Amino acid sequence: MLVLLCGCGGQPTADVSGRIAIRGKPPELDRLVVSFVMTDGRSFSGPVARDGRYTVAGVPTGEVKVGFIVPQPREPAHPKGSESPEEQNKPLDPKQKMQELRAAAKSKGAKSAAQASPVPEKYRDPLKSGVTTTLTPGSNTFDFDIK
């Protein structure tokens, strides 16, 4: 009787698994993440394997919005071989500073293009993707082909 009075106190949860494809093929990405956002704004996510398989355990049941995210890697604060903080703070000749700024902008643009996500922008934000599913207690399968 005491167990019935106390209950588990929480919302039932679902274990969600399935396969994600991009244009019918496995994503073959190292950092793809599937994200489920509850109607109250809580988010639950998990990594997607290169072959598209994923599992996210303990997601509360109910309607969820779904997104597919490829996080960009962060650059280290001081890349290997870079100048020390003291050297970086030395005053530079204005011409030299302009050359460095131009080189950095050019390099950053090349990196951004090279790291462009194969996931169309529409599907990257769970709140704007238009992809939803309803999770029920226990095991759920959700497969999706990003086009």
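Just so you know, these numbers come straight off a predicted model, no measurement behind them.
With sequence neighbours excluded, the residues that form a salt bridge (Lys or Arg N to Asp or Glu O under 4.0 Å) with Lys147 are Asp145. Residues satisfying the side-chain contact (heavy atoms from CB on, under 4.5 Å) criterion with Ile146, sequence neighbours excluded, are Ile20, Ile22, Phe68, Val119, Pro120, Tyr123, Phe144. For Ser139, the side chain to side chain donor-acceptor pair (under 3.5 Å) criterion is met by no residue, not counting sequence neighbours. With sequence neighbours left out, Thr134 forms a side-chain contact (heavy atoms from CB on, under 4.5 Å) with Glu63. For the side-chain contact (heavy atoms from CB on, under 4.5 Å) test, residues two or more places apart in sequence or in another chain that qualify with Ser45 are Val33, Ser35, Ser43.
Annotation for Ala14 and Thr136: closest pair CB-O, 3.3 Å, computed over non-hydrogen atoms. Smallest separation of non-hydrogen atoms from Ser117 and Val70: OG-CG2, 3.7 Å. In terms of heavy-atom proximity, Ser129 sits nearest to Val66 at OG-O, 2.5 Å.
Linking ILVMFWY residues whenever their side-chain heavy atoms come closer than 4.5 Å, directly or via other members, leaves Val131 and Ile69 in distinct clusters. Side-chain heavy atoms closer than 4.5 Å link hydrophobic residues (I, L, V, M, F, W, Y) into clusters, and following such links, possibly through other members, connects Phe44 to Leu135.
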Using a 3.5 Å cut-off and no angle test, enumerate the donor-acceptor pairs between side-chain atoms of residues 46-57 and protein atoms at least two apart in sequence or in another chain.
{"from": "Arg50", "atom 1": "NH1", "to": "Glu28", "atom 2": "O", "distance (Å)": "3.2"}
{"from": "Arg50", "atom 1": "NH1", "to": "Asp30", "atom 2": "OD1", "distance (Å)": "2.9"}
{"from": "Asp51", "atom 1": "OD1", "to": "Arg53", "atom 2": "N", "distance (Å)": "3.0"}
{"from": "Asp51", "atom 1": "OD1", "to": "Arg53", "atom 2": "NE", "distance (Å)": "3.4"}
{"from": "Asp51", "atom 1": "OD2", "to": "Arg53", "atom 2": "NE", "distance (Å)": "2.7"}
{"from": "Asp51", "atom 1": "OD2", "to": "Arg53", "atom 2": "NH2", "distance (Å)": "3.0"}
{"from": "Tyr54", "atom 1": "OH", "to": "Phe142", "atom 2": "O", "distance (Å)": "2.7"}

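Put simply, the side chain of Asp15 never gets that close to the backbone of Asn140: no donor and acceptor are under 3.5 Å apart.
Among residue pairs with one or both ends in residues 120-144, none qualify as salt bridge (charged side-chain N to carboxylate O under 4.0 Å, His left out); sequence neighbours excluded.
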